[in-house]
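One structure below.
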Amino acid sequence: MEMNENFDADYRAVCSAVMDELGRTLNAIDPQSLEKLYGVILESEKVFFVGVGRVMLSLQGICKRFAHLGIDAHCVGDITEPAITSKDLLIVGSGSG
């Protein structure tokens with residue numbers, strides 16, 4: 001594998017582009033919608049996540065973080081997934097929109 005002579009500059013440029021994109025993404029989130037979602041999550045008995053492919057992989061990470069925070073969270077399709085009820089929340093992730 002050949003080393004890039006401009007690795008440092010390329011690395012900094014990529015970091016800057018990633019941070020810019022994250023900033024645009026976070027600024028596009030409506031805080032009131034996020035607050036409403038937060039409330040619904042806390043009011044739910046259980047939170048379920050479903051998606052496919054890379055989206056599901058990301059949701060599995062979020063699900064695990066929720067569990068670390070004490071939220072009863074599950075990924076749809078897991079062997080130990082409990083039954084969903086009307087008191088629960090289903091979060092669906094879609095990379096295609």
query: Okay, side chain of Glu81, backbone of Gly77: is any donor-acceptor separation there less than 3.5 Å?
result: yes

Tell me which pairs pass salt bridge (Lys or Arg N to Asp or Glu O under 4.0 Å) where either residue lies in [range], with sequence neighbours left out.
range	value
residues 38-50	Glu45-Lys87, Lys46-Asp88
residues 50-75	none
residues 25-41	none

message: Among residues at least two apart in sequence or on other chains, which ones pass salt bridge (Lys or Arg N to Asp or Glu O under 4.0 Å) with Asp8?
response: Arg12

Once you round to the nearest 0.5 Å, how far does [atom1] of [X] lie from [atom2] of [Y]?
X	Y	atom1	atom2	result
Ile71	Leu42	CD1	CG	6.0 Å
Leu90	Phe48	CG	CZ	8.5 Å
Asp20	Thr25	CG	OG1	10.5 Å
Cys63	Asp78	SG	CG	7.0 Å

- prompt: Hydrophobic clusters join Ile, Leu, Val, Met, Phe, Trp and Tyr when side-chain heavy atoms are under 4.5 Å apart, directly or via other members; which others share one with Leu26?
  reply: Ile29, Leu34

field: Which residues share a side-chain hydrogen bond (donor to acceptor under 3.5 Å, both in side chains) with Ser16, sequence neighbours left out
entry: none

task: Looking only at non-hydrogen atoms, find the nearest pair between Leu59 and Val50 and report the distance.
output: CD1-O, 3.3 Å

If Ile, Leu, Val, Met, Phe, Trp and Tyr residues are connected whenever their side-chain heavy atoms lie under 4.5 Å apart, and connections chain through other members, are [X] and [Y] in the same group?
X	Y	answer
Leu37	Phe66	yes
Val40	Val47	yes
Ile91	Val76	no
Val14	Phe7	no
Ile84	Ile62	no

